[in-house]
Structures are given as structure tokens and as C-alpha cells.
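Start at 1 with the first residue, then count along the sequence. Reckoned from all heavy atoms, side chains included, excluding hydrogens, waters and symmetry mates.
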Amino acid sequence: MNEKFTVLLSSTPRGARLARLLTERQLAEWKRESAEAEHVVAELAANAVRHGRVRGRDFRLTLTLDPAHTLRIEVADARPDRIPRVRVADGEGGRGLLIVAAYADRWGVTSGDATVPHKTVWAELGAPEPELA
């Protein structure tokens, strides 16, 4: 059975920080602590706030841990027209998806339906085994 956590967060820098903190707590509850997963969430949430924000719309964070110990991170925002692409980092940024690609086993983007336009950027990572007491 999959373990699942989902939350709506404000499309603000505070919401992005909260996404990382909530991820840290949820992974600790599942006994699957992962600094890599926290970094991925931080980057995807920051991108949702910076590039996917629509005034009055939140972004959604979903964490799913499957029985094979794969952690799927999904961040959905309100801008389906702004598809993320890895680019060469410069002084202005461009490192976020490079970090995601480095930590994730795979990642991608899916589009939402026409009734509520959105996109979901997702990443999958192998979740560490819980430590035995």
C-alpha cells in the first residue's frame, strides 16, 4: 500500500519554505529521511512560486512512498504554459532543475486537464531503507 501526503501551500516564498519543512517532517514520520528529497522539494517548490504563480492560486505538494520504496514528489502549479526546461546556469539562476536531475532517478512534467489548468512537475527517488532500532 502506498503512503501518501498532500498539502496546498501559498504560492509565496514562505509557502516554498514550508514545503521543504513539511517534507522533512513527513519523511521522518515514514522513517525515510532524505536530504536529497528535501533539496528536490525545495527546488520544485521554488520554481512553482517563481515561474508557476497565478495570483490567488496555491501550489500543491504531494509525496507518495510506494511499497518498493520509491518516493514520488509532485509539485503542481497554475501555469501549464510555463514548461520547465534544464538550461545552462548563469548568474541569474538556472540551477534548480540541474539539482533535481542530479538527485532524482527520473523526473518530468505532466499537464492537467482543461477544467483546472495546471501542470505537475514530478521526480522519483529511491527512498532510503528505515534504520533498525
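Within the model, atoms CZ of R57 and NE2 of H118 stand 8.5 Å from one another, a figure rounded to the nearest 0.5 Å. Atom CD in E36 sits 10.5 Å away from atom CG in D105 (nearest 0.5 Å). Rounding to the nearest 0.5 Å places OG1 of T120 at 6.0 Å from CD of E74. To the nearest 0.5 angstrom, L27 atom CG is 9.5 Å from F5 atom CZ. With values rounded to the nearest 0.5 angstrom, L65 atom CG is found 5.5 Å from R32 atom CZ. How far CG of L97 is from CG of N47: 5.5 Å, rounded to the nearest 0.5 Å.
V121 and L8 are assigned to two separate hydrophobic clusters, defined by single-linkage of ILVMFWY side chains at heavy-atom distances under 4.5 Å. When the side chains of ILVMFWY residues are joined at heavy-atom separations under 4.5 Å, either directly or via intervening members, V54 and L9 end up in two distinct hydrophobic clusters. When hydrophobic clusters are built by joining Ile, Leu, Val, Met, Phe, Trp and Tyr residues whose side-chain heavy atoms come closer than 4.5 Å, directly or via intermediates, L22 is not grouped with W122. A single hydrophobic cluster is seen to contain both I83 and L98, as judged by linkage of ILVMFWY side chains at heavy-atom distances under 4.5 Å, directly or through other members.
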For this session: For the pair H39 and R20, evaluate side chain to side chain contact (heavy atoms under 4.5 Å, CB included) and give the outcome as yes or no after the intermediate values.
Result: CA-CA 8 Å; H39 286 302; R20 182 178 182 149; 3.6 Å; yes
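No donor-acceptor pair closer than 3.5 Å links the side chain of T70 to the backbone N or O of D66. The main-chain N or O of V49 is never found under 3.5 Å from a side-chain atom of D77 such that the two would form a donor-acceptor pair.
In terms of heavy-atom proximity, A101 sits nearest to W107 at CB-NE1, 3.7 Å. Taking both residues in full, the closest heavy atoms of A123 and V40 are given as CB-CG1, 3.8 Å, listed atom of the first, atom of the second, then distance. The minimum heavy-atom distance between V75 and L44, with the atom names listed, is CG2-CB, 3.6 Å. Between A45 and A19, the closest heavy-atom pair is CB-CB, 3.9 Å. Taking every heavy atom of both residues into account, R79 and H51 meet most closely at CG-O, 3.8 Å. Scanning all heavy atoms of the two residues, the minimum distance from K119 to P80 falls at CB-CA, 4.0 Å.
Applying the side chain to side chain donor-acceptor pair (under 3.5 Å) rule to pairs touching residues 5-14 yields T6-T62, S10-T12, sequence neighbours excluded.
For the side chain to side chain donor-acceptor pair (under 3.5 Å) test, no residue two or more places apart in sequence or in another chain qualifies with R50. For R25, there are no side-chain contact (heavy atoms from CB on, under 4.5 Å) partners, not counting sequence neighbours.
The shortest side-chain heavy-atom distance between L61 and V7 falls under the 4.5 Å cut-off. Between L71 and S34 there is no side-chain heavy-atom pair separated by less than 4.5 Å.
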